*Asks:* 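Sending over a structure as structure tokens; questions will come in a sec.
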Amino acid sequence: MSNQSSSAFTLGLTEERRFFDSGDRPLYGVIRRGLRRDAPVVLFCNSFAADHDAKWRAEVIGAQVAAQHGYTTFSYHPRGHGDSAGNFADVTFEGLVEDAQSAACYALQKSGASRIVWIGIRFGALVAAEALRRRKDAVALAVWEPIHSAHAYFRELLRQNLYKDLALGRRPSMTADQMMERLGREPSLGVPGFELYRTFSESASAADLLQSLETWDGPTLVAQFRRREKLTRENIRLQNVLERRGARVTASVFVEKSNPNSQIPPQWFNEDLILRTAAWLDGLD
Amino acid sequence: MDWTETPAALARARAEEPVTFAGADGLLAGIFTPPASAGPAANRCVIFPARPRFGTRRLAVHAARALAAEGFAALRFDLRGHGESAGATVSVDRNQPPYGDDVAAAIGYLRETKFQCRFLLVGYCFDALSALDAFRSEADAIDGLFFAAAPVLVEPFTDLESVSSRIENRRGFSQRFGRSLRYPIKLISTVMPRLRRRKDPTEDARSRWCAQIPDSFESAFAALMQSRARALFLYGEDEPFYREFKLVERRLLADLDDAARRRVRIEVWPGAVHSLEREPAILDRVVSWAREFKPLTSNRSRHLSL
């Protein structure tokens with residue numbers, strides 16, 4: 001947990017907070033203007049549900065630091081999240097991708113940039129990868145502790161229920177597989193922090209990072225923040241696949257005390273991660 | 001997060017305006033929801049100080065839009081160091097001085113820029129302490145406080161059960177002592193164990209310390225009671241915070257006169273209130289509580305569907 005004041009990053013920074021449309025609803029967004037006119041716009045694509053809330057402060061400070069480095073950034077809340085409109089129960093993966101596309105169009109229009117650097121945070125990495133696959137204006141991609149497979153992520157979320165039961169001294173009544181099966185029958189299941197709806201899990205279960213990035217060969221930052229000091233097997237695989245394709249991949253490990261899959265306080269951010277991302281942006285020239 | 005958005009709430013979402021205003025540590029960021037123009041005005045602005053302003057289940061977002069659809073203005077904003085607000089990012093805990101200055105800054109901003117005059121404050125956990133703290137400087141402008149599930153002692157008191165039982169024991173002791181005066185042998189058996197227990201000053205000091213209400217709470221509570229505002233304190237009967245609050249009931253509420261006591265309502269729900277699962281129910285309660293402040297002429301709108 002850092003104690004850094006965010007006002008240190010905002011000196012002289014122009015921030016424009018507005019609502020913009022995606023589909024038929026207003027989404028909250030904020031542009032932070034950097035001074036570099038030729039630079040791509042940096043578009044943040046944050047995580048899902050309670051994880052979005054937990055990573056928002058990190059995104060805000062990350063965007064402020066990137067803007068201080070000269071990059072205009074755009075942050076937004078997808079439908080059913082944060083200050084945007086929409087019902088959380090109606091959110092689908094396709095809807096999140098549509099919001100990312102709308103955010104991209106809005107950010108390009110407002111910034112005057114013609115290219116985008118995507119920063120996908122956790123589940124937002126899956127959304128950003130799918131959105132950039134459908135566009136031709138992406139120049140670089142950073143993923144912060146990316147989710148590689150939505151199906152595995154949902155299973156991990158449900159597994160948190162088992163840990164919670166054990167922590168409370170209760171014997172878990174179902175295995176993670178049984179809970180996955182139950183989610184296929186019932187409208188929703190509670191996981192720590194929120195309700196996981198079947199509508200969303202079914203819409204996203206096939207989402208896969210490598211698959212969405214099957215044609216991607218641009219500069220990529222893979223930032224891992226976990227308790228372990230080495231890259232996970234999935235991150236190594238992502239790095240290898242992209243490098244074989246000719247992509248310039250930077251992999252960075254930030255050791256964190258807490259498990260990113262469990263609840264992290266909403267004020268969390270990692271200053272090293274943010275500064276490393278800004279340095280990576282500077283190295284894209 | 002599980003709230004269903006109505007066309008009226010969506011219309012209020014479209015009318016929302018992101019705002020910033022000056023706080024002690026820099027700019028504070030929030031969203032102002034103007035009241036719906038159709039229907040009677042509530043003439044109140046509901047303020048939700050939070051960390052961040054939308055929270056995990058978006059309690060303040062939904063409540064602001066629902067209330068705005070019924071004629072209230074609303075502001076939800078990030079307290080310093082959280083969300084998009086400037087300031088050092090620190091983990092707040094019960095010994096952190098509450099951010100009442102931020103809430104007062106929001107009131108000042110709304111008064112000068114949005115022409116709002118009367119305010120209702122809604123807070124949950126630490127945010128409730130910050131809302132209460134604003135009474136120290138803005139009591140005259142505040143009509144109501146919704147205070148949910150906040151710690152009120154200087155440190156978590158795991159032995160609070162034993163403090164409570166000792167308070168009860170002391171009461172029982174007085175009664176037993178009174179009775180035993182008539183029977184000298186009973187007097188000895190009542191008093192002696194008591195005297196022996198009092199030989200452990202460390203334990204007594206500890207319980208006094210742990211059961212201490214912070215000065216910031218006491219002074220803000222005094223300002224609340226000197227104002228005309230009504231307050232709703234909401235707790236869950238199974239949570240430790242409620243056991244802490246019982247001490248406030250005994251020490252601060254017991255001395256109030258009837259008129260002041262009538263302005264304070266304490267609701268105790270079964271189970272816990274300080275939990276994500278209860279947030280939708282708290283949201284409902286916030287909305288129904290705010291409706292109580294609507295001018296009588298606008299009663300008709302109470303039946304509007306959210």
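Below, chain A is the first sequence line, B the second, and so on; all start at residue 1. Given the structure is predicted, the values throughout are model-derived calculations rather than measurements.
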*Asks:* We want to know whether A:D53 and B:T56 form a side-chain donor-acceptor pair, criterion being a heavy-atom distance below 3.5 angstrom.
*Replies:* yes
*Asks:* Select one option (side chain, backbone, both, neither) describing which atoms of B:A64 are under 4.5 Å from chain A's heavy atoms.
*Replies:* neither
*Asks:* Picking from A:S188, A:G190, A:G86, which has the most non-hydrogen pairs under 4.5 angstrom with chain B?
*Replies:* A:G86
*Asks:* On a heavy-atom basis, which atom in B:R57 and which in A:G193 lie closest, and how many Å separate them?
*Replies:* NE-O, 4.0 Å
*Asks:* Tell me whether the count of non-hydrogen atoms from other residues, nucleotides or ligands lying under 6.0 Å of CZ in A:R171 goes above 12.
*Replies:* no
*Asks:* Just how far is it from atom OG1 of B:T89 to atom CD of A:E271, taken to the nearest 0.5 Å?
*Replies:* 10.0 Å
*Asks:* Are there residues of residues 18-30 of chain A whose heavy atoms fall under 4.5 Å of chain B's heavy atoms? If so, which?
*Replies:* A:R18, A:F19, A:D21, A:D24, A:R25, A:P26, A:Y28, A:V30
*Asks:* Do the charged groups of B:R76 and A:D83 touch, with an N to O distance under 4.0 Å?
*Replies:* yes
*Asks:* Between A:R57 and B:E84, is there a salt bridge with N-O shorter than 4.0 Å?
*Replies:* no
*Asks:* Please round to the nearest 0.5 Å and tell me the distance separating atom CG of B:L27 and atom CD of A:E15.
*Replies:* 8.0 Å
*Asks:* Does CG belonging to A:L35 count more than 12 external heavy atoms closer than 6.0 Å?
*Replies:* no
*Asks:* Which residues pass the salt bridge (Lys or Arg N to Asp or Glu O under 4.0 Å) test with B:E277, sequence neighbours left out?
*Replies:* none
*Asks:* Please report whether the ring centroid of B:F54 lies less than 6.0 Å from that of A:H77.
*Replies:* yes
*Asks:* Considering only heavy atoms and a distance below 4.5 Å, find which of A:A58, A:A63, A:A85, A:S75 pairs most often with chain B.
*Replies:* A:A85
*Asks:* Given that the side chain runs from C-beta out, which part of B:T20 has a heavy atom under 4.5 Å from chain A: side chain, backbone, both or neither?
*Replies:* side chain
*Asks:* What's the spacing between A:S84 OG and B:E16 CD if we round to 0.5 Å?
*Replies:* 9.5 Å
*Asks:* Please name the pair of heavy atoms, one in A:Q267 and one in B:S91, separated by the smallest distance, quoted to 0.1 Å.
*Replies:* NE2-OG, 3.1 Å
*Asks:* Which atoms of B:R14 are under 4.5 Å from chain A, going by heavy atoms: the side chain, the backbone, both sets, or neither?
*Replies:* both
*Asks:* Roughly how far apart are B:L10 CG and A:N87 CG, rounded to 0.5 Å?
*Replies:* 9.5 Å
*Asks:* What are the two closest heavy atoms between A:W56 and B:P52, and how far apart are they?
*Replies:* CD1-CB, 4.5 Å
*Asks:* Using a 4.5 angstrom heavy-atom cutoff, name the option from B:R53, B:E17, B:R51 with the most pairs to chain A.
*Replies:* B:R53
*Asks:* Checking the side chain of A:R17 only, and the main-chain atoms of B:A29 only, is there a donor and an acceptor separated by less than 3.5 Å?
*Replies:* no
